[in-house]
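Here's the structure we're looking at; comments come further down.
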Amino acid sequence: MIDLVALRKDPEAFAVAWKLRGMDVDVTALVEADTKVRQLKTESENKRSEANAASKSIGQAAREGKDIGEAKEAARLLGEEAKELNEKRESLEKELHDQLLGLPNPCLSDVPHGAGENDNVAGEQWGSVPGFTFAPKPHWELATELDIIDFERGSKMSGSGFVVYKGMGARLNRALINFFLQTLVDEEGYTELNVPLLVRPETMQGTGQLPKFGDQLYHCQEDDLYLIPTAEVPVTNFYANEILDAEQLPCKMTAHTPCFRREAGAAGVGTRGITRVHQFDKVEMVWLTKPEDTEKNLLELRSNAEKLLQKLGLHYRILDLCTGDTGFSAAHTYDLEVWSPGTGTWLEVSSCSTFTDFQSRRAKLRYRPEKGAKPELLYTLNGSGLALPRCLIAILETYQQEDGSIEIPDVLKPFMGLDAIS
RNA sequence: GGAAGGAUGGCAGAGCGGUUGAAUGCGCUGGUCUUGAAAACCAGUAUACCUUUGCAGGUAUCCAGGGUUCGAAUCCCUGUCCUUCCGCCA
């Protein structure tokens, strides 16, 4: 959520920022509502103050044994008036608050301007397009022939968009999880968390999935719990409503979880294989930081994800997302896209973002800059490290041999216990 | 799933429905004393918001949300969490 006080001070700046995201927001109406709320607040508080004073003198009079019948009625009326004004304020304030919850984070100043994904800025590439002496196959063919992914039985049990990894496929998936976690923990100083996959509505609101994107989430109605679409949700909310000490920052956490996404509206968007599924594994990196140097932190976070791709020897590129394509809660996002030789396309395997204080304000994530100082909102960042299925795709397609077997990248061999899948 | 008990300031722990934002102790901060430290003594020590240039004033907050009442930390209802017991169970 954005800072209402900042909006009050410079509404035009917000209007411009939202315009860059392709949204026309009536900031004047927002500011007017805010003014009205504060006016009602002052009125109701003054009335409440009168009522409190009246009650107090009744208490005094009662102790002195005086008659308090009339005074009681007067105090009751004052109390009622105060309550009425306050209820008016509350409903207006809630309305305003709900509107604010639906407004995205303004992008940082160095984010490229643009309307949509075509305006994203392609940055550096690492490695080069792998060459083949034969026509490389797409992963779904390789996986089916090797019998390491069972698409049909996945949809038999759960519908389309669900798959079963089998044999060496399951092992490769597990090897990747272990490789990612171990690298992040041992080499980059992350703390590993194993978190709940079902969370409450307020947790979803903390990171921005709710109220706006509820239709993308699986919901367990009986218990009013949501299946997480990413580990970002429980990991970022880990310290929600808490005040951290400055020494605890930056706090780097990582977690492997399955991710559940309804992908409503994305059905049939020409994705074969495991590029877009309803359930997949992902290792996520989350940072809680002090507000300064968030762009620098973002680059470092991104480099952690890049290192994983480099170790796997996968060709990838960096995309600097433009204002029109940056996600709702993010202020600046870099995507990492890996090359898929079988389809000749780039696949997003990591999305690294800073959320400034947008999530912190929702989740009440604060820290104390110095001992005895006032608590302040901290900044949150996160990035995938990495999304499993698309890494798996890139590995199968990049390391495929002419005979249909798959060579295992060196860094994964200890986790696989073999050199090739055939 | 059933039964019972609990949730108060950084921590511990009081609190007959009426100057209780909340005793007391510890902790913390400042001061006195001391060569320095400790001890002792004195003073201060929650958060958010609103009004105000400022001084200052006001409102809310004793898990959360409702209710009773002129007045609620205190009484009633609902929810959340914790503890204990029973049942079930990987």
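Order of the sequence lines fixes the chain letters, A, B, ..., with proteins taken first and strands second; residue numbering starts at 1 for each chain. Note that the structure is a prediction, hence the values are computed from the model and not measured.
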P-based separation of B:rU8 from B:rG2 [nearest Å]
26 Å
Both A:Gly79 and A:Lys56 contact RNA chain B. Taking the nearest nucleotide for each, which residue is further toward the 5' end?
A:Lys56
When both distances are under 3.5 Å in a Watson-Crick or G-U wobble arrangement, the nucleotide paired with B:rU32 is B:rA40
side-chain hydrogen bond (donor to acceptor under 3.5 Å, both in side chains) with A:Asn105: of A:Asp357, A:Thr326, A:Thr356, only one passes, and it is A:Thr356
Across every strand shown, the nucleotide meeting Watson-Crick or G-U wobble geometry with B:rU19 (both distances under 3.5 Å) is none
Distance check needed: B:rU47 P versus A:Arg366 CZ, whole Å only.
10 Å
B:rC81 -> Watson-Crick or G-U wobble partner, both distances under 3.5 Å, gives B:rG6
Could you work out the separation of B:rC82 and B:rA14 based on their P atoms and round it to a whole Å?
23 Å
Minimum-distance nucleotide to A:Thr42 side chain [options: B:rC49, B:rC50, B:rU59]
B:rC50
Just call it for A:Arg200: base, sugar-phosphate, or nothing, with non-hydrogen atoms closer than 4.0 Å on any strand.
sugar-phosphate
Below 4.5 Å, heavy atoms only, C-beta onward: do A:Leu217 and A:Gln209 meet side chain to side chain?
yes
Base-pairing assignment for B:rC49 (Watson-Crick or G-U wobble, both under 3.5 Å)
B:rG58
Sticking with atom C1', work out how far B:rG57 lies from B:rG66, rounded to a whole angstrom.
31 Å
When the C1' atoms of B:rA39 and B:rG31 are considered, how many whole Å apart are they?
16 Å
Indicate, with a heavy-atom threshold strictly under 4.0 Å, whether A:Lys83 touches base, sugar-phosphate, or nothing.
sugar-phosphate
Nearest-angstrom distance from the residue atom CZ of A:Arg89 to P of B:rC49
13 Å
To the nearest Å, give me how far apart CD (A:Glu222) and P (B:rG1) are.
11 Å
Spacing of A:Glu80 atom CD relative to B:rG67 atom P, expressed in whole Å:
12 Å
Closest to the A:Pro375 side chain: B:rU59, B:rA48, B:rC70?
B:rA48
Tell me which of A:Val5 and A:Gly59 sits closer to the 5' end of RNA chain B, going by the nucleotide each one is nearest to.
A:Gly59
For B:rU51, does OP1 or OP2 lie under 4.0 Å from any side-chain N or O of A:Arg38?
yes
So does A:Ser49 get a side-chain nitrogen or oxygen closer than 4.0 Å to the phosphate oxygens (OP1/OP2) of B:rU59?
yes
With a 3.5 Å limit on both atom pairs, tell me what B:rG1 is paired to, counting Watson-Crick and G-U wobble, or say none.
B:rC86
In whole angstrom, give me the gap between the C1' atoms of B:rU84 and B:rC26.
29 Å
Which base sits across from B:rA12 as a Watson-Crick or G-U pair, both distances under 3.5 Å?
B:rU24
For B:rC75, what is the paired nucleotide under Watson-Crick or G-U wobble rules, both distances under 3.5 Å?
B:rG67
Is there side-chain contact between A:Val277 and A:Phe162, with at least one heavy-atom pair below 4.5 Å?
no
Starting at CD of A:Gln60 and ending at C1' of B:rU19, how long is that distance when rounded to a whole Å?
8 Å
Are more than 12 heavy atoms from other residues, nucleotides or ligands located less than 6.0 Å from atom CD of A:Glu64?
yes
Regarding A:Asp281 and A:His256, is there a side-chain donor-to-acceptor distance under 3.5 Å anywhere?
yes
Under 3.5 Å, is there a donor on one side chain and an acceptor on the other for A:Gln359 and A:Ser329?
no
Separation between the P atoms of B:rU35 and B:rG44, rounded to whole Å
28 Å
Calculate the interatomic distance between A:Asn46 atom CG and B:rC49 atom P; express it in whole Å.
19 Å
Base, sugar-phosphate, or nothing for A:Arg8, non-hydrogen atoms under 4.0 angstrom?
sugar-phosphate
A:Arg76 side chain: which of B:rC70, B:rU59, B:rC50 is closest?
B:rC70
Round to the nearest Å and state the distance from A:Arg361 atom CZ to B:rC49 atom P.
11 Å
Base, sugar-phosphate or nothing for A:Asn52? Non-hydrogen atoms, less than 4.0 Å.
sugar-phosphate
So, A:Ser353 versus A:Thr333: side-chain donor-acceptor pair below 3.5 Å or not?
yes
Rounded to the nearest angstrom, tell me the gap between atom CD in A:Glu90 and atom P in B:rC50.
16 Å
Separation between the P atoms of B:rG79 and B:rG54, rounded to whole Å:
46 Å
Taking the C1' atom of each, how far is B:rC63 from B:rU69, in whole Å?
23 Å
